[in-house]
Protein chains: 2
Amino acid sequence: MRLSTKAQYAVRAMVDLSLNSAGRPVSLKEISRREEIPLNYLEQLFYRLKKGNIVESVRGPGGGYILARGSSHILVGDIVATVEEPLNPVACLDEGSEVCSRISRCVTHDVWKGLGERIRGFLDSITLEDLTREARGVSSEE
Amino acid sequence: MRLSTKAQYAVRAMVDLSLNSAGRPVSLKEISRREEIPLNYLEQLFYRLKKGNIVESVRGPGGGYILARGSSHILVGDIVATVEEPLNPVACLDEGSEVCSRISRCVTHDVWKGLGERIRGFLDSITLEDLTREARGVSSEE
DNA sequence: TAATAGTTGACAGATTTAGTAAGGCATGTT
DNA sequence: AACATGCCTTACTAAATCTGTCAACTATTA
Ligand code: FES
Ligand code: FES
């Protein structure tokens, strides 16, 4: 029941982006340095994030990425779902999949379905703005 | 964010066990046949389930497994946690692990921690009895 | 036109998972 | 006592997934 590092990296990178973008685009190079995430790996992640309409890119010198919308409208669940395709606990929930077993029409199916809904529900209850605000608070504390 | 087949098999097998044990022990051979789960694989699972005090074994001919306590006191979360050791979404929650990054003392950490708690909370809210009852209902419906 | 920075696909190494194999042990039956 | 049943335990392998790297390309701006 592990989240992939993709998801962890993506969320951290998005917080970093939101935190350090003062109107201007932020390059992956910067994020890579600050967050210690391999640049090439970040590229893959942002490729997906862009296709998921979570960020927009600005090409050329001085370019980079910017948020596609206000951070209060970007949910952690969006980021995770975009980068880690099917957020379902079991394969049969994915799309055109068959039932896993015949016993009583698979009672356990509903359990996993409910679990998936809880997971999504929780991650969708947190916005990028929440994390950014918290990050600012934490770094000035102590 | 996938559950291992271990967890899926284990829960299904436990429902099967609870459903088919009328006081007498149920052999893994039976469960294996009914649920179409490889016998050797089941043995591994029940080895753990026994160590987790969820089932008890009866050796010798006519032996098998029985529930260690009433099905209303066995939580789905117990089964999953026993068979799929650390139920945490990220490694740093496990035990003696280091912090994943230094940015602002890792804001995302609390998110994953909360997620783990939700997952456990949900799975702990369902008992084996719930599933057994449902299984009985479903098979007679329709 | 040269430098910057994003875009995209291919690929390899490491790790994890799923499943198999095999031998041993305990218990009850004949 | 011998045998059959069925649990107990470890070891191993094949397959899938995950993580990260490489390399070549395209668009933009100074
Ligand atoms: S059919 Fe979905 S868990 Fe069995
Ligand atoms: S330290 Fe736990 S997620 Fe970063």
Side-chain angles (χ1 to χ4, degrees), chain A residues 1-10 12-13 17 21 24-33 35-52 54-68 80 83-91 94 100-101, chain B residues 1-10 12-13 17 21 24-33 35-52 54-68 80 83-91 94 100-101:
Chain A
M1 209 52 189
R2 276 284 160 80
L3 217 53
S4 66
T5 60
K6 275 200 191 73
Q8 301 176 49
Y9 283 169
R12 266 171 53 207
L17 170 55
S21 116
R24 59 155 192 124
V26 180
S27 74
L28 292 187
K29 213 170 174 180
E30 286 181 60
I31 300 180
S32 167
R33 183 161 16 85
E35 299 291 334
E36 295 181 321
I37 299 172
L39 176 59
N40 291 328
Y41 204 33
L42 264 186
E43 287 174 345
Q44 283 182 48
L45 300 182
F46 275 77
Y47 170 47
R48 290 173 187 232
L49 291 174
K50 188 191 173 186
K51 285 207 294 187
I54 293 177
V55 297
E56 285 172 8
S57 64
V58 178
R59 307 184 76 144
Y65 286 93
I66 55 176
L67 300 182
V80 174
V83 111
E84 178 157 359
E85 281 306 345
L87 204 41
N88 299 316
V90 294
D94 275 354
C100 68
S101 115
Chain B
M1 210 53 191
R2 278 284 161 80
L3 216 53
S4 66
T5 60
K6 275 200 191 73
Q8 300 175 51
Y9 283 169
R12 267 171 53 208
L17 169 54
S21 117
R24 57 152 192 127
V26 180
S27 74
L28 292 187
K29 211 170 175 181
E30 283 181 63
I31 299 180
S32 167
R33 183 161 15 84
E35 299 292 332
E36 295 180 321
I37 299 172
L39 176 59
N40 290 328
Y41 205 32
L42 262 187
E43 287 176 342
Q44 286 182 49
L45 300 181
F46 275 77
Y47 172 47
R48 290 173 186 233
L49 291 174
K50 189 192 174 185
K51 284 207 295 189
I54 293 176
V55 297
E56 283 171 9
S57 65
V58 178
R59 306 184 79 144
Y65 287 93
I66 55 176
L67 300 182
V80 174
V83 111
E84 179 157 357
E85 282 304 348
L87 204 41
N88 298 317
V90 295
D94 274 356
C100 68
S101 116

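Every chain is numbered from 1, with letters handed out A, B, ... down the list of sequences.
Atom CG in B:L87 sits 7.5 Å away from atom CG in B:L3 (nearest 0.5 Å). Separating the CD atom in B:Q8 from the CD1 atom in B:I37 is a distance of 10.0 Å, to the nearest 0.5 Å. Separating the CG atom in A:L17 from the CG atom in A:L28 is a distance of 9.0 Å, to the nearest 0.5 Å. How far CZ of B:R12 is from OG1 of B:T5: 10.0 Å, rounded to the nearest 0.5 Å.
The stretch residues 59-68 of chain B touches DNA chain D through B:R59, B:G60, B:P61, B:G62, B:G63, B:G64, B:Y65, each having a heavy atom under 4.0 angstrom from the strand.
Residues satisfying the side-chain hydrogen bond (donor to acceptor under 3.5 Å, both in side chains) test with A:S4, not counting sequence neighbours, are A:E84. Applying the salt bridge (charged side-chain N to carboxylate O under 4.0 Å, His left out) test to A:E43 and every residue at least two apart in sequence or in another chain returns nothing. Take A:E30 and apply the salt bridge (charged side-chain N to carboxylate O under 4.0 Å, His left out) test, not counting sequence neighbours, and it matches A:R24, A:R34. Residues forming a salt bridge (charged side-chain N to carboxylate O under 4.0 Å, His left out) with B:R2 (at least two apart in sequence, or on another chain): A:D94.
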At under 4.0 Å between heavy atoms, how does the protein contact nucleotides 14-19 of chain C? Give one character per nucleotide, 5' to 3', with B, S or -.
----BB
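Atom C1' of nucleotide C:dT7 and atom CD of A:E43 are separated by 8 Å, given to the nearest angstrom. Distance CG (A:L42) to C1' (C:dT8): 16 Å, rounded to an integer number of Å. What separates CZ of A:R24 from C1' of C:dT4 is a distance of 15 Å, to the nearest Å.
Looking at every heavy atom in both residues, B:L45 comes nearest to B:K6 through CD2-CG, 3.8 Å.
Across the interface with DNA chain D, nearest-nucleotide mapping of B:V26 and A:L39 shows B:V26 to be the residue nearer the 5′ end.
Between the two ends of the helix from C:dT1-D:dA30 to C:dT30-D:dA1, each summarised by a five-pair axis, the helix axis turns through 0° (rounded to 10 degrees).
Taking the 5' to 3' direction, DNA chain D first and last meets chain A under 4.0 angstrom from a heavy atom at D:dT19 to D:dT29.
In terms of phosphate contacts, A:S57 brings a side-chain nitrogen or oxygen within less than 4.0 Å of OP1 or OP2 of C:dT7.
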Throw together a table of side-chain donor-acceptor distances under 3.5 angstrom for residues 56-68 of chain B, partners on residues two or more places apart or in other chains.
from  : atom 1 : to    : atom 2 : distance (Å)
B:S57 : OG     : B:K50 : NZ     : 3.2

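Judged by distance alone, with hydrogens and angles left aside, the side-chain atoms of A:S32 form no donor-acceptor pair with the main-chain N or O of A:P38 at under 3.5 Å.
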